[in-house]
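Written out below as structure tokens is the structure these notes cover.
Just so it is clear, the values below take in all heavy atoms, side chains as well, and ignore hydrogens, waters and symmetry mates.
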Amino acid sequence: MHLLTAKKGRTQATGGSRALFTRPGFVMVVLVMVHLALGAAYSLNTPIWESYDENGHYAYARYIALHRALPLVGRRLTPQFDESHQPPLYYALIAPVIGAVDTSDNLQPRFAYGLRWGVVPEREIDRFPYRGTALALRLARLVTLVLSSAGVVLTFVAAKTFFPDRMRAALLATAIYAVWPMFLFLSGVISNDPAISLFGSLTLAVAAGLWVTPDPRARRKFYVALAFALAGAALTKDSAIALFLFAGLVVALQLWRDRRLGWSSVRPALTHFLALLAVLCMLAVILSDGRVVRQFDSALDMTAGLVTTALPDQPDLLSIGLPLSLGAFEGLPHVAQFVFRTTIGAFGWGTVGMPEVWYDILIAPALAALLGLALALRQRPLRVPILLALLFVVCVGLAPFVRSVISNDFSLLIGRFLMPALSGAAILTAIGWDSLPRPLNRLGSALSLGWITAIALMTPWVVLLPAYRPPTLLDPVALPDGIQVPQRITFGDSIQLLGHSFPRSHVRFGEVIPLTLYWRALKPLSDDYLLVIDVYDIDGRSLQMQRLYTPGRGTFPTSDWKAGDTFADTYGLWAMPAWDVPTRIAVQVSWRRPGDKNGLTAMCEREGLCNALFGALPVHMNEVMARPWRDKPAQFRLGDVAEVVEANVVGQPKPGGVITLTLVWRAPADVAKSYTGFVHVISDQGQLIAQRDSPPRNGRFPTEHWLAGDIVPDQFVLPIRADAEPGLYRVKIGMYDTHTHQRLPARNAQGEWLPDSLIVVGNIQIER
């Protein structure tokens, strides 16, 4: 049976139109066309250079086009994001279209500094009709898109070979591959990721044919195809080593399965395969000027590093590879979330994401696929093909995982490195959906594929197009609407801050803190200044969070400003481990040239020379931080404002010494007023030897910011009077209204009212 046709007697049209599944060739053409159309939409809505290392990929291919040779090994073609170390096959394929265009304009990307976008969009140059370098980039992107479309066909071939009686599942897998958002994005830019994904699909399809062919002599053609697929992958990207690992395991499993046939039956095909693979790899080494060898050297280095990491006297493997502030195992869900989301879609330079709800929508289809796979594994005919597809996904995913562990950087698990495994993942997902109970598989498959397709359709217009749109210019004279706090801070004689606003009045640690600043250009600027945003606590201590930004989220550098340009710009601030939450933060802004430590002088409207420090935004503990005290019973209660969850006294209880009282407050309800906490160290006879009054956390997190359920650790440092008499002293605490000085009534855990609204949290003994 031909792989692109199906006999009526063999086709099971479970959950769909039987006529449709007996015409897979027509469906395949439609899916390829859909992939090409969507990939073109992603490409057209992504500015040139605005993809992972696209400038390095382009420079490599352009060098081949101009010189008809590979660059010298070790010679950098670009100062940033050079890719000339990569194997050359993909670049040789796109070089002809680049060489056909006059690129003498030598256009180079203008990088934007900051946390979101990689380059400044070239709106005047990157517009139809394209010319020069922009045209060469656009044409090379089209070649990449055509290459990626071949993977759509090969995914169907692999699925149909593994599961010949599951035409519906094979077409579902192909559709998933064709409309996967991250893969569509990579297919529409200059990147060798779609090329290595193509060879991944080819390797999986050939391995499927090798496995299902019972006659050892008939397998020779698959061994030949496998050798060419592996050699082509080695000539395409470093990560091809993962495909060698998968192919080696499949061949080893095949030999184990054929052990009863005798060595003489399997030796000819195997020896021919190994000999052909060796010849092709040697040829690949020669054609690549040795670049192919680099991936095997890297694999040996990673293996050695992994062994060293796993030695008994080393820290836990996960804690080395995944350094998260919550600890290795508590951090694993965050790593899984990162991998899941970036595999679905992380565009641009990995900094343009989709709306949160879009990722959440796809959790249900993923869980449904896992459930279906568990059910499918109970069916003996499906078990081995599923395990082989799973082996393929694991082998491809092993390379970025090991590299992440060795380099101590879990960000290397970004989803684009998993795209070579997309064929296997799509097949597993489709089989999972198709194996759900009959009432669910039709509806579940339709909804799941519909969600993915809808996201794929919306992304170019709802995500990519707005992401690269410059800020909307406002009235150059009137004060903009939306400013919470008007300001007049002038930087140099060119830039004026009109005001700021925090769109959210409260944030929790780990959440993005949005800050909107309103800017006006006083005169044109010839240089690209960077906005520097730093964060301080209320005591004026830096929280070590200096960040650089190019205005307009990287789309509106200062050299593009005209006199009078007024706009609002929103920046996302991230809490750092140094933040001692809960706290209040203030923001400081400044402007400076790249590489220049001295920025423009800030002048405030009334104070004159100033440091442009403003704001007081409360940052609360998140749920993980608050968990140890969340369900603890309250020991005492102060009105409806605060509960005392913990209280401990430590230090030197002697005249002239110092004791420290540590408290943990919990807010039973929102608090809108300011209260001051106090501590008295007093004897039963009324002798006061230490006292301290302070808003919670020494004023860094006052009660007017407390929300219901807030956990607020606090500390009071109390010097003891040098003339303190020996004896027993009580450590008493309370709270009073900051303005009226009226104390809050105090109760114990049994609800009994305490005298003088004072809570005894400990005793100290002053010795002679």
Side-chain angles (χ1 to χ4, degrees), residues 39 43 48-49 51-78 81-104 106-107 132-151 153-154 186-203 225 227-241 243-244 276-277 279-296 298 416 419-420:
S43 182
I48 57 175
W49 313 119
S51 174
Y52 304 91
D53 311 324
E54 189 169 37
N55 65 311
H57 294 305
Y58 167 78
Y60 192 177
R62 182 173 183 257
Y63 185 95
I64 296 175
L66 294 179
H67 301 279
R68 300 180 184 276
L70 298 180
L72 295 176
V73 176
R75 176 187 173 185
R76 296 182 64 87
L77 300 178
T78 58
F81 312 109
D82 182 72
E83 291 292 324
S84 60
H85 59 276
Q86 293 275 13
L89 179 57
Y90 167 73
Y91 307 98
L93 292 174
I94 65 173
V97 299
I98 294 176
V101 178
D102 179 9
T103 57
S104 58
N106 198 29
L107 180 67
T133 299
L135 177 60
L137 283 158
R138 292 292 178 183
L139 291 176
R141 287 181 171 190
L142 286 179
V143 175
T144 309
L145 182 57
V146 172
L147 288 174
S148 72
S149 66
V153 179
L154 289 170
L186 292 171
S187 299
V189 297
I190 301 179
S191 169
N192 58 359
D193 288 317
I196 193 63
S197 299
L198 167 61
F199 281 106
S201 302
L202 177 60
T203 302
F228 275 97
L230 293 175
L235 271 170
T236 301
K237 191 171 181 178
D238 290 350
S239 55
I241 189 68
L243 300 180
F244 277 82
L276 178 60
L277 182 60
V279 170
L280 291 176
C281 286
M282 287 295 295
L283 183 61
V285 171
I286 296 171
L287 291 175
S288 67
D289 283 352
R291 288 173 171 83
V292 166
V293 179
R294 178 179 176 272
Q295 59 192 295
F296 295 96
S298 299
R416 75 182 181 96
M419 287 301 103

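- Side-chain atoms of Tyr60 and Leu70, non-hydrogen and from C-beta on, do get closer than 4.5 Å to each other.
- Atom-to-atom distance recorded for Arg68:CZ and Ile64:CD1 is 12.0 Å, nearest 0.5 angstrom.
- Between Trp49 and Tyr58, the closest side-chain pair of non-hydrogen atoms falls below 4.5 Å.
- Of the residues listed (Thr236, Leu186, Thr144), the one engaging Asp193 in a side chain to side chain contact (heavy atoms under 4.5 Å, CB included) is Leu186, and it is the only one.
- At least one side-chain heavy atom of Ile190 sits under 4.5 Å from a side-chain heavy atom of Tyr90.
- Leu154 pairs by the side-chain contact (heavy atoms from CB on, under 4.5 Å) definition with Leu198, Ser201, Leu202, not counting sequence neighbours.
- We find the CG-CD1 distance between Leu89 and Ile94 to be 11.0 Å, quoted to the nearest 0.5 Å.
- Looking at every heavy atom in both residues, Ala59 comes nearest to Leu77 through O-CD1, 3.7 Å.
- Closest approach of Ala229 to Thr203, counting heavy atoms only: CB-OG1, 3.9 Å.
- Closest of all the heavy-atom pairs between Ser43 and Arg138 is O-NH1, 2.6 Å.
- Rounded to the nearest 0.5 Å, atoms CD1 (Ile48) and CD (Glu54) are 8.0 Å apart.
- A salt bridge is absent between Arg75 and Asp82; no separation between the charged side-chain nitrogens and carboxylate oxygens falls under 4.0 Å.
- Atom CG of Asp53 is separated from atom OG of Ser191 by 8.0 Å, given to the nearest 0.5 angstrom.
- Under a cut-off of 6.0 angstrom, the local environment of CZ in Phe81 is crowded, with over 12 non-hydrogen atoms contributed by other residues, nucleotides or ligands.
- By the 4.5 Å heavy-atom criterion applied to side chains, Arg291 and Gln86 are not counted as neighbours.
- We find the CE-OG distance between Met419 and Ser187 to be 9.5 Å, quoted to the nearest 0.5 Å.
- Atom CE of Met282 and atom CG of Leu280 lie 11.5 Å apart (nearest 0.5 Å).
- Closest approach of Ile196 and Ser239 over heavy atoms only: CG1-OG, 4.0 Å.
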Determine all donor-acceptor pairs shorter than 3.5 Å in which one atom belongs to a side chain in residues 95-103; sequence neighbours excluded.
from: Asp102; atom 1: OD1; to: Ser104; atom 2: N; distance (Å): 3.0
from: Asp102; atom 1: OD1; to: Ser104; atom 2: OG; distance (Å): 2.8
from: Asp102; atom 1: OD2; to: Ser104; atom 2: OG; distance (Å): 3.4
from: Thr103; atom 1: OG1; to: Arg62; atom 2: NE; distance (Å): 2.9
from: Thr103; atom 1: OG1; to: Arg62; atom 2: NH2; distance (Å): 3.4

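- The side-chain heavy atoms of Thr133 and Asn106, taken from C-beta on, include no pair separated by under 4.5 Å.
- Looking at every heavy atom in both residues, Val189 comes nearest to Ser51 through CG2-OG, 3.2 Å.
- Scanning all heavy atoms of the two residues, the minimum distance from Ala234 to Val292 falls at O-CG2, 3.4 Å.
- Inter-residue side-chain proximity for Tyr91 and Pro71 is flagged as unmet; no heavy-atom pair is nearer than 4.5 Å.
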